[in-house]
Amino acid sequence: QVQLVESGGGLVQAGGSLRLSCAASGRTLNRYNIGWFRQAPGKERDFVARISWGGLNTDYADSVKGRFTISRDNTKNTVYLQMNSLKPEDTAVYYCAATTLYNSDPENYGSWGQGTQVTVSS
């Protein structure tokens with residue numbers, strides 16, 4: 001399985017930006033579709049964005065459309081999540097995950113990173 005490590009989280013004011021990275025090891029990332037998910041305290045893990053293995057297809061949750069952009073650089077074995085115009089409700093632990101399928105159901109993702117905390121202050 002591919003191992004994933006997220007980075008780039010932190011504390012930011014509302015309206016600010018962060019870029020999360022998801023670095024892979026163990027296997028080349030271009031075998032996998034990658035999703036970003038987030039989980040706020042006391043809530044379920046929600047889909048945020050996904051990108052196909054070649055980067056041609058992307059999808060977003062309605063709550064982040066127009067503010068977040070997912071991208072990948074397979075030469076660096078890394079997927080990114082650029083987050084702009086952040087809101088307090090974006091506060092959560094953000095996870096990246098890998099799957100050979102292309103969907104937004106976390107049950108279909110077999111490899112997960114440890115997560116990175118994003119906190120947006122008002």
Heavy-atom closest contact ([X] atom, [Y] atom, distance):
X	Y	result
Q117	A92	NE2-O, 3.4 Å
K43	Q39	O-NE2, 3.0 Å
S17	S85	OG-N, 4.3 Å

Atom [atom1] in [X], atom [atom2] in [Y]: separation rounded to 0.5 Å?
X	Y	atom1	atom2	value
C96	R72	SG	CZ	10.5 Å
Y80	T69	OH	OG1	14.0 Å
S122	K87	OG	NZ	14.0 Å
Q114	Q3	CD	CD	12.0 Å

I'd like to know if the side chain of [X] and the backbone of [Y] have a donor-acceptor N/O pair within less than 3.5 Å.
X	Y	answer
N74	W53	yes
E6	T116	no
Y109	L101	no

Practice item. Please name all residues satisfying salt bridge (charged side-chain N to carboxylate O under 4.0 Å, His left out) with R50, sequence neighbours left out, ordered by chain then number. Key: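 For R50, the residues satisfying salt bridge (charged side-chain N to carboxylate O under 4.0 Å, His left out) (neighbours in sequence not counted) are D59.
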
Check your understanding: Listed by chain and number, what are the salt bridge (charged side-chain N to carboxylate O under 4.0 Å, His left out) partners of R19, not counting sequence neighbours?
Key ->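 Checked R19 against salt bridge (charged side-chain N to carboxylate O under 4.0 Å, His left out); zero matches.
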
Practice item. Mind checking ring pair (Phe, Tyr, Trp, His ring centres under 6.0 Å) for W112 and listing every partner two or more places apart, or none if nothing turns up? Key: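 Result, ring pair (Phe, Tyr, Trp, His ring centres under 6.0 Å) vs W112: F37.
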
**Study point:** Results of side-chain hydrogen bond (donor to acceptor under 3.5 Å, both in side chains) for D62 - residues two or more places apart only
**Key:**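 Once residues adjacent in sequence are excluded, the partners of D62 under the side-chain hydrogen bond (donor to acceptor under 3.5 Å, both in side chains) criterion are K65.
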
Check your understanding: Can R38 and S63 be said to form a side chain to side chain contact (heavy atoms under 4.5 Å, CB included), step by step?
Key -> CA-CA 12 Å; R38 65 188 181 186; S63 59; 3.4 Å; yes

Exercise for review: Please go through V12's hydrophobic cluster and name the other residues, only I, L, V, M, F, W, Y counting, with side-chain heavy atoms under 4.5 Å joining them.
Suggested key: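 Answer for V12: V2, L4, L18, L20, L29, Y32, I34, W36, V48, I51, Y60, V64, F68, I70, V79, L81, M83, L86, Y94, V118, V120.
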
Check your understanding: With ILVMFWY side chains joined below 4.5 Å, transitively, what does L11's cluster contain besides itself?
Key ->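 For L11, no cluster forms, as it stays isolated from other hydrophobic side chains.
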
Check your understanding: Does a side chain donor of either S52 or N33 reach within less than 3.5 Å of an acceptor in the other side chain?
Key ->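 No - no donor-acceptor pair under 3.5 Å links their side chains.
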
